[in-house]
Novice: 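Before we start, here is the structure in question, set down as structure tokens.
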Amino acid sequence: MDSYDLLVIGGGINGAGIARDAAGRGLKVMLVERDDLSAHTSASSSKLIHGGLRYLEHYEFRLVAEALAEREVLLRVARHLVWPARFVMPHVPELRPRWMIRAGLFLYDHMGRLAPTFGSQRASLPGSHAVRLDAPPYNSGLKPDFRHGFVYSDCRVDDARLVVSNVMDARRRGAEIRTRTECVAARRESDGWRATLSGGRIVSARAIVNAAGPWVKQVLNERLGQPSQDGIKLVKGSHIVLPQLYRGDHAFILQNDDRRVVFMIPYGDRHTLVGTTDVPFEGDAATAAASDAEVEYLCRAAGRYLARPVDPAHVAWRYAGVRPLYDDGTADPSAVTRDYTLRVDADAGSSPVLSVYGGKITTYRRLAEHALHDLAPFFPELKGEWTATEPLIGGDFGELEREEARDMFFARYGLLPQEHLRGIFRRHGMLAYDVLGSARTLQDLGAYFGAGLYAKEVDYFVAQEWAVTAEDVLWRRTKAGLHLTGAQREAVLRHMGRVS
Ligand SMILES: Cc1cc2nc3c(=O)[nH]c(=O)nc-3n(C[C@H](O)[C@H](O)[C@H](O)COP(=O)(O)OP(=O)(O)OC[C@H]3O[C@@H](n4cnc5c(N)ncnc54)[C@H](O)[C@@H]3O)c2cc1C
């Protein structure tokens, strides 16, 4: 039987972040994910690294301050996957008065500038200001009635790839990663936990981290036999992807008449992402799907602002995720806290299980630090915090700016088409060199499936990134699924049948 210090259950962003942090502090870590990495909530987000402007209305100051600080940290340590964006809010006087928006943005900018108090360097993103929406660059796609608005900064992220990057980084620091492996049961023994994994393997661990997202309570109660007082509130959020609704790199934050906000965000080069909804959810989160009513809601919310109607028939893709929120007793699903709570259950001071309730992609790194802080009493040998300054695997550009590092990559593979190299660099950062290796010409990349996806990269996903099914490759490691025909997707599937 293999023994570990820490068994992490769940390969979403929180499990991935904790596994990496713990491995880097010298613990022997195993991470088990019963499905694919980021198969559930962590690849279904709005893909924002943000303070959460709207949380100010709910007085979530701690969360906003921490998230704004993390924005700065992630811009440094995950530069290959996180990038700044400008967010435009058209002004609608009957929904929120100008003074209120100005006050909110002032606070947001100000809290962003205080970020160094959380350990990062000076805030790097430009502040907010009022803008005209009846002239370029922000008028594209909008109804001419919207003449005034505000612009502020936040960041965007490739959520699924952030998870993979954390897990790869954990592996390089010695963690053992098992996907398609469920923690079926675990029980406390005198010297730690004995966990049974799917397939019958039994491992022992000094502590367990329960980062099972929407299943956190179920894992605690049913798999680990630990009754818990804490509640989890499941809130479904759906997104739709449409052919490009406006030109430009900026995103829109649209006020809706139910007081919620909906984002419109560029998605790849040719699409726009619109989301999200907040719908109470019951049942198995794995079955969550975007309903027609949600699609109509999102089309209406965007259509209110856009010159051309947004027709549900034009939706190219829809997806849904379930937020595993800590139940703070609030009835309105939009108002339930987005902050996280960590709970340690320890039996007579030994063999703890730490459970993660809630959280954001944005705060995953800090959440991991908090988790290890809480576990530190059980691991006297644990090293100190390190993830705020150490780039994630693939994100180490040294002194170079991202564009400079990318141009060097282009130069190294000068015989290959730049449009394809751009996609590979965006997905892998400095690991793009490992993906292409000694390839020089297109022939060296093997079969071409479309949307910039070659056999060479698919083979890398299988060999290095735990991809098993075509879905893993087409909808999580890349978003090529959106652009490929049925026949092209079949070709990927057939190819993977050969390489795996
Ligand atoms: C619609 C929506 C939009 C969002 N937008 C944003 C955003 O823009 N920015 C932001 O910062 N945050 C956002 N969030 C929040 C963020 O996505 C979540 O907080 C985060 O992804 C939760 O990650 P997790 O690791 O806790 O859960 P998950 O990603 O769900 O991971 C849990 C994993 O545990 C696995 N698991 C469960 N049981 C077992 C078992 N017994 N054995 C092995 N594995 C198991 C599951 O298969 C799953 O993969 C959004 C959330 C939603 C739903």
Side-chain angles (χ1 to χ4, degrees), residues 7-19 30-52 54-55 63 66-67 70-71 74 82 154-157 159-160 162-163 166-167 178-186 195-198 208-220 222-224 232 234-239 251 253 262-263 265 273 275-279 281 284-286 288 290 294 298 318-326 333 338-340 342 355-368 371 476:
L7 172 65
V8 179
I9 303 174
I13 191 64
N14 288 324
I18 293 170
M30 175 185 237
L31 180 145
V32 291
E33 163 55 55
R34 68 175 173 196
D35 202 331
D36 182 25
L37 299 172
S38 78
H40 297 287
T41 321
S42 295
S44 312
S45 82
S46 302
K47 301 167 202 323
L48 303 179
I49 296 294
H50 62 155
R54 76 173 193 85
Y55 308 147
L63 172 63
E66 183 175 282
E70 277 308 286
R71 210 177 57 174
L74 294 179
V82 175
D154 257 325
C155 292
R156 293 168 51 203
V157 63
D159 51 5
L162 188 67
V163 175
N166 272 280
V167 176
R178 295 281 161 194
T179 62
R180 267 83 189 185
T181 303
E182 181 166 2
C183 175
V184 183
T196 306
L197 309 181
S198 51
I208 288 184
V209 165
N210 170 14
W215 296 274
V216 60
K217 211 168 150 108
Q218 190 189 334
V219 164
L220 199 56
E222 295 170 19
R223 305 298 162 92
L224 310 185
I232 188 102
L234 300 182
V235 177
K236 180 172 65 145
S238 296
H239 289 84
I253 173 167
V262 166
F263 289 102
I265 305 167
L273 177 69
T276 168
T277 53
D278 277 313
V279 181
F281 184 84
D284 184 4
E294 288 177 282
L298 293 172
R318 54 169 91 175
Y319 65 85
V322 173
R323 300 175 183 86
L325 304 179
Y326 182 72
R338 264 52 177 172
D339 212 341
Y340 54 83
L342 305 176
S355 298
V356 176
Y357 295 84
K360 306 274 301 166
I361 301 268
T362 308
T363 50
Y364 85 92
R365 191 202 64 82
R366 196 71 185 115
L367 181 151
R476 285 186 283 274

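Atoms within each ligand, like the ligands themselves, are counted from 1 in listed order.
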Novice: Quick one: CD1 on I13 to CG on N166, what's the gap to the nearest 0.5 Å?
Specialist: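 One finds 5.0 Å between CD1 of I13 and CG of N166.
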
Novice: Locate the shortest heavy-atom distance separating I49 from T362; write the atom from each residue and the value.
Specialist: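 Taking I49 first and T362 second, the nearest heavy atoms are CA-OG1, 3.5 Å.
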
Novice: Considering heavy atoms of the protein only, find what lies nearest to atom 35 (C) of ligand 1 and give residue, atom and distance to 0.1 Å.
Specialist: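 The answer is E33 OE1, 3.2 Å.
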
Novice: Going from OH on Y326 to CG on D339, what distance comes out if it is rounded to the nearest 0.5 angstrom?
Specialist: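 Going from OH on Y326 over to CG on D339, the span is 11.0 Å.
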
Novice: Are any of the N or O atoms of G359 closer than 3.5 Å to those of ligand 1?
Specialist: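 Such a contact does occur with ligand 1.
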
Novice: Is there a heavy atom in T181 that sits closer than 4.0 Å to ligand 1?
Specialist: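 Flag set, T181 near ligand 1.
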
Novice: Tell me the contacting part of L48 for ligand 1: side chain, backbone, both, or neither, using a 4.0 Å heavy-atom threshold, strictly below.
Specialist: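 For L48, the contact with ligand 1 is made by both the backbone and the side chain.
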
Novice: Looking at residues at least two apart in the chain, or sitting in another chain, which of them share a ring-ring contact (aromatic ring centres under 6.0 Å, His included) with Y340?
Specialist: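 Partners of Y340 under the ring-ring contact (aromatic ring centres under 6.0 Å, His included) test: H370.
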
Novice: What atoms of ligand 1 come closer than 4.0 angstrom to any heavy atom of H40?
Specialist: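 Per the distance check, 30 (O), 46 (C), 47 (O), 48 (C), 49 (O).
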
Novice: What are the two closest heavy atoms between L367 and L342, and how far apart are they?
Specialist: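 So the minimum-distance heavy-atom pair works out to O-CD1, 3.9 Å.
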
Novice: Given that the side chain starts at C-beta and the backbone is N, CA, C, O, which of these parts of T276 lies under 4.0 Å from ligand 1, counting heavy atoms, or is it both or neither?
Specialist: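 Side chain only.
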
Novice: What about N14: any of its N or O atoms under 3.5 Å from an N or O on ligand 1?
Specialist: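 Between N14 and ligand 1, an N or O pair is found under 3.5 Å apart.
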
Novice: As an exercise, state the distance from CD1 of I361 to OG of S42, rounded to the nearest 0.5 Å.
Specialist: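 It is 4.5 Å, given to the nearest 0.5 Å.
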
Novice: Identify the heavy atoms of V184 and R223 that sit nearest to each other, and give their distance.
Specialist: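 Minimum heavy-atom separation between V184 and R223: O-CD, 2.8 Å.
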
Novice: Would you please determine whether H50 falls within less than 4.0 Å of ligand 1 on a heavy-atom basis?
Specialist: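 Distance cut 4.0 Å: H50 passes for ligand 1.
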
Novice: Counting heavy atoms only, which part of S44 comes closer than 4.0 Å to ligand 1: side chain, backbone, both or neither?
Specialist: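 Just the backbone.
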
Novice: Parallel, tilted or perpendicular: which one describes the rings of H239 and Y319, with boundaries at 30° and 60°?
Specialist: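 Rings of H239 and Y319: parallel, under 30°.
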
Novice: Looking at K47, which atoms of ligand 1 are within less than 4.0 Å of one of its heavy atoms?
Specialist: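 Counting from 1, the qualifying ligand atoms are 8 (O).
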
Novice: To the nearest 0.1 Å, how far is atom 5 (N) of ligand 1 from its closest protein heavy atom, and which atom is that?
Specialist: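 So the nearest neighbour among protein heavy atoms is S46 N, 2.9 Å.
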
Novice: Side chain to side chain contact (heavy atoms under 4.5 Å, CB included) with V322: which of V235, D284, L234?
Specialist: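 When V235, D284, L234 are each tested with V322, the side chain to side chain contact (heavy atoms under 4.5 Å, CB included) holds only for L234.
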
Novice: Can you tell me which residue and heavy atom of the protein come closest to atom 37 (C) of ligand 1, and the distance to 0.1 Å?
Specialist: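 Closest protein heavy atom to atom 37 (C) of ligand 1: A212 CB, 3.5 Å.
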
Novice: Under 4.0 Å from a heavy atom of R223: which atoms of ligand 1 are those, numbered in the order shown and with their elements?
Specialist: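 Answer for ligand 1: 41 (N).
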
Novice: Ignoring angles and geometry beyond distance, decide whether V322 reaches within less than 3.5 Å of ligand 1 through its nitrogen or oxygen atoms.
Specialist: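 The answer is no, given that V322 and ligand 1 share no N or O pair closer than 3.5 Å.
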
Novice: Which atom pair, heavy atoms only, marks the closest approach of G10 to L31?
Specialist: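 Smallest interatomic distance, heavy atoms only, reads O-CD1, 3.8 Å.
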
Novice: Output the distance between atom CZ (R180) and atom CG (L37), rounded to the nearest 0.5 Å.
Specialist: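 Separation between the atoms: 8.5 Å.
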
Novice: Would you kindly say whether R323 and T276 are connected by a side-chain donor-acceptor distance under 3.5 Å?
Specialist: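 Yes.
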
Novice: For V356 and ligand 1, answer yes if some heavy atom of the residue is under 4.0 Å from a ligand atom, otherwise no.
Specialist: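 It does not, in that no heavy atom of V356 comes within the 4.0 Å cut-off of ligand 1.
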
Novice: To the nearest 0.1 Å, how far is atom 42 (N) of ligand 1 from its closest protein heavy atom, and which atom is that?
Specialist: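 Answer, as residue, atom name and distance: C183 N, 3.0 Å.
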
Novice: If you have a sec, work out which protein heavy atom is nearest atom 14 (N) of ligand 1 and how many Å separate them, to one decimal?
Specialist: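 Its nearest protein heavy-atom neighbour is S45 CB, 4.0 Å.
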
Novice: Out of curiosity, L74 CG to L162 CG, how far, rounded to the nearest 0.5 Å?
Specialist: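 Output value for this atom pair is 7.0 Å.
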
Novice: What protein heavy atom lies closest to atom 44 (N) of ligand 1? Include the residue and the distance to one decimal.
Specialist: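 Protein heavy atom at minimum distance: R34 N, 3.2 Å.
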
Novice: Say you draw a straight line from CD1 of I9 to OG of S355; how long is it, rounded to the nearest 0.5 Å?
Specialist: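 OG of S355 is found 8.5 Å from CD1 of I9.
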
Novice: If the cut-off is 4.0 Å to any non-hydrogen atom of H239, which atoms of ligand 1 fall inside it?
Specialist: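 Taking each heavy atom of H239 in turn, ligand 1 has 1 (C), 3 (C) under 4.0 Å.
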
Novice: Can you name the atoms of ligand 1, numbered from 1 with element, that are less than 4.0 Å from a heavy atom of G321?
Specialist: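 Near G321, the atoms of ligand 1 are 53 (C).
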
Novice: Output the list of atoms in ligand 1 that are nearer than 4.0 Å to some heavy atom of G12, sorted by atom number.
Specialist: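 Per the distance check, 25 (O), 29 (O), 31 (O).
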
Novice: Give me the nearest non-hydrogen protein atom to atom 51 (C) of ligand 1 as residue plus atom name, then the distance to 0.1 Å.
Specialist: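 For atom 51 (C) of ligand 1, the nearest protein heavy atom is R323 CG, 3.7 Å.
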
Novice: Nearest to atom 27 (O) of ligand 1, what protein heavy atom do you find, and at what distance?
Specialist: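 Atom 27 (O) of ligand 1 sits closest to the protein heavy atom G213 CA, 3.4 Å.
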
Novice: Give the numbers and elements of all ligand 1 atoms closer than 4.0 Å to a heavy atom of A211.
Specialist: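 This gives 32 (C), 34 (O) as the contact atoms.
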
Novice: If you look at every heavy atom in P214 and P324, which pair is closest and at what distance?
Specialist: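 The answer is N-CB, 3.5 Å.
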
Novice: Find all atoms of ligand 1 within a distance of less than 4.0 Å from any non-hydrogen atom belonging to P214, and give their numbers and elements.
Specialist: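 Answer, ordered by atom number: 30 (O).
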
